[in-house]
2 protein chains.
Amino acid sequence: MTNAKRGRPVQYDREQALERASDLFWSAGFAATSLDDLSAATQMTRPSLAGAFGDKEALYIAALMRYRDASVDAMREILSGKRSLRTELAEVLDKATDVYMASADAARGCLLIGTASVEAVHRPAVRQVLQESLGAFNAVLEERIRNAIADGELDPEANAAGLASVTSAVMHSLAVRARAGEPRDALDKLSDVAVDLICRKRP
Amino acid sequence: MTNAKRGRPVQYDREQALERASDLFWSAGFAATSLDDLSAATQMTRPSLAGAFGDKEALYIAALMRYRDASVDAMREILSGKRSLRTELAEVLDKATDVYMASADAARGCLLIGTASVEAVHRPAVRQVLQESLGAFNAVLEERIRNAIADGELDPEANAAGLASVTSAVMHSLAVRARAGEPRDALDKLSDVAVDLICRKRP
DNA sequence: AGAATTATATGCGAATTCGTATAAATGTCG
DNA sequence: CGACATTTATACGAATTCGCATATAATTCT
C-alpha cells in the first residue's frame with residue numbers, strides 16, 4: 001500500500017490564508033468583503049479558496065473559529081490563577097482593549113462581536129458560532145471567578161455565573177465602543193469601574 | 001408674494017418610509033440591504049429614495065438617527081425619577097430586551113449596536129452617529145444615577161459616570177447576545193445581576 | 001389655459017460579485 | 001517513462017447592484 005499525497009501539492013498556507021482573510025473580514029465585515037478581495041489578500045485564486053474552505057460563508061466561519069480559539073486561549077492564560085482575580089481581570093480587559101484598538105486606522109473592535117453579530121440574524125451557522133463563542137469566553141471567566149470564591153477573594157455567596165456574565169458584558173461593550181471610535185481612556189475607565197464593582201465584597 | 005409648494009406633491013410618508021427602511025437594515029444590516037429591497041419595502045422608486053434621502057448611506061443614517069431619538073426618549077421616560085433607581089433601571093433593561101427580541105424570527109438586537117458597528121470602521125459618518133448615540137444613552141443614565149446619589153439611594157461617593165458606563169455596557173451586551181440567539185432568561189439573569197451590582201451600597 | 005416646477009415611472013449601462021467550467025500545471029504511483 | 005490524481009490558472013455567465021438619464025404625471029403661478 002502507498003500513502004503519500006497524490007496530485008499537485010497545495011501552494012498556500014492554510015493558517016496564513018485564514019489570518020489574511022480575517023484581517024479583511026475584521027475591518028470591513030462579511031458582506032462588504034468580496035471574494036476578489038480575499039483572493040488578492042490570500043494570494044489564492046477563487047477556485048483555490050473554494051477548494052480549501054468552501055464558499056464565502058464557510059471561509060468566514062473558519063476565520064471566526066480560528067480567532068475565537070486563539071482569543072479564548074489567550075484569556076485562559078491570563079486567568080491562570082497565579083495572581084489575584086482583580087489583577088487578572090484587569091489584565092484581561094486591558095489586553096482585550098489592546099486588541100480592539102490595535103489597528104493603525106479606525107479601531108476594529110472584536111471580530112466576532114463587531115462583524116458576526118450582523119450576519120447572525122440571517123445566517124444560522126454564524127449565529128451558532130457567535131453564541132458558542134460568547135459562551136466559551138464566559139465559561140473561562142466563570143471558572144476563574146468560582147476559584148476566587150473558593151479562595152475567599154470573593155464572598156462565599158457571590159454569584160459566579162452572574163459575575164462572569166457581567167464581565168462578559170463589559171468586554172462586549174469594549175468591543176462595541178472601540179468600533180464606535182471612543183478613545184482609549186474612556187474604555188479604560190469602564191474597565192476600572194467594572195473590576196471594582198465585580199471584585200467588591202458584599203456590604 | 002406666493003409661498004405654496006410648487007410642483008407635484010410627494011406621495012410618500014417620510015416617517016413611514018424610514019420605519020420600513022429601518023426594518024430591513026435592522027435585520028440584514030446595511031451592506032446586505034439593497035436599494036431594490038428598500039425600494040420595494042418603502043413603495044418608493046429608487047429615484048424617489050434618492051431625492052428624499054440621498055444615497056444609501058444617507059438613508060441608513062437617517063434611519064439610525066430616527067431609531068436613536070425614539071429610543072432615547074423611551075429611556076428618558078422610564079427614568080423619570082418617580083420610582084427608585086433600582087426599579088427604573090430594571091425596567092430600562094427589561095424593555096430594551098423586549099425590543100431586542102421583538103422579532104418573530106431571529107432576534108435582531110439593537111439597530112445601532114447590531115448593524116452600525118460593522119459599518120463604523122469604513123464609514124466615518126456612521127461611526128460618528130454611533131458614537132454620539134452611545135453617548136446620548138449614557139448621558140440619560142448618568143443623569144438619573146446622579147439624582148439617585150443626591151437622593152441618597154446610592155452612596156454619596158458613588159461614581160455616577162462609572163455606574164452609567166457599566167449600565168450602558170449591560171445594554172450593549174444584551175443587544176449582542178440577543179442577536180447571537182441567546183434565550184430570554186439568560187438576558188434577564190444578566191440584567192438582574194447587573195442591577196443588583198449597580199444599586200448596591202458600599203461595604 | 002399655458003408655463004414653470006417638482007415628483008414619479010421606466011429603463012439603461014457600467015461595474016461587481018460569486019460560483020463553476022475548462023484547461024494547464026505539478027506532483028505520485030506503477 | 002506514462003497513467004493518474006490533485007491543485008492552480010483563466011475565463012465565462014448569470015445575477016445583482018447602484019446611479020442616472022429620460023419621459024411622464026401632478027400641482028402652482030401667471
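Numbered from 1 within each chain, the chains take letters A, B, ... in sequence-line order.
Side-chain contact between A:Val193 and A:Val170 is absent, with no heavy atoms from C-beta onward closer than 4.5 Å. No side-chain heavy atom of B:Gln131 sits under 4.5 Å from any side-chain heavy atom of B:Gln128. With contacts defined as side-chain heavy-atom distances shorter than 4.5 Å, the pair A:Leu111/A:Arg68 does not qualify.
One atom, CZ of B:Arg46, and another, C1' of D:dA21, lie 13 Å apart when rounded to the nearest Å. The nearest whole Å value for the distance from the CD atom in B:Glu57 to the P atom in D:dT17 is 18 Å. Note: CG (B:Leu38) to P (D:dG19) measures 11 Å, nearest angstrom. At whole-Å resolution of the value, CG in A:Asp37 and P in C:dT16 are 11 Å apart. At whole-Å resolution of the value, CG in A:Asp13 and C1' in D:dT7 are 16 Å apart. A straight line from CG of A:Asp36 to P of D:dT10 spans 14 Å, rounded to a whole angstrom. Here the C1' atom of nucleotide D:dG19 and the CG atom of B:Leu59 are 15 Å apart, to the nearest Å. The separation between B:Leu49 atom CG and C:dT6 atom P is 20 Å, rounded to whole Å.
Taking for each of A:Ala31 and A:Gly7 the nucleotide of DNA chain C with the nearest heavy atom, the 5'-most of the two is the partner of A:Ala31. Along DNA chain C, the nucleotide closest to A:Gln11 and the one closest to A:Pro47 are compared, and the more 5′ of them pairs with A:Pro47. Where A:Gln43 and B:Leu35 meet DNA chain D, the nucleotide closest to each residue was compared, and A:Gln43 sits on the side nearer the 5' end.
Taking 4.0 angstrom as the limit, A:Ser34 places a side-chain polar atom (N or O) nearer than this to OP1 or OP2 of C:dT17. Taking only side-chain nitrogens and oxygens, A:Thr45 never comes nearer than 4.0 Å to OP1 or OP2 of D:dT8.
Nucleic acid contact class of A:Pro9 (heavy atoms, under 4.0 Å, all strands): sugar-phosphate only.
Looking at B:Tyr60, B:Phe137, B:Trp26 one by one, the single match for ring-ring contact (aromatic ring centres under 6.0 Å, His included) with B:Tyr67 turns out to be B:Trp26.
Within a 6.0 Å sphere centred on CD of B:Glu132, other residues, nucleotides and ligands contribute more than 12 heavy atoms.
Comparing atom distances between the A:Lys56 side chain and each of C:dC29, C:dT10, C:dG19 picks out C:dG19 as nearest. Of the listed nucleotides (D:dA11, D:dT8, C:dT8), C:dT8 has the atom at the smallest distance from the side chain of B:Tyr12. In the set C:dC18, D:dC4, D:dT8, D:dC4 carries the atom at the smallest distance from any side-chain atom of A:Arg6. For B:Arg8, the side-chain atoms get nearest to D:dA26 when compared with the rest of C:dT20, D:dA26, C:dT28.
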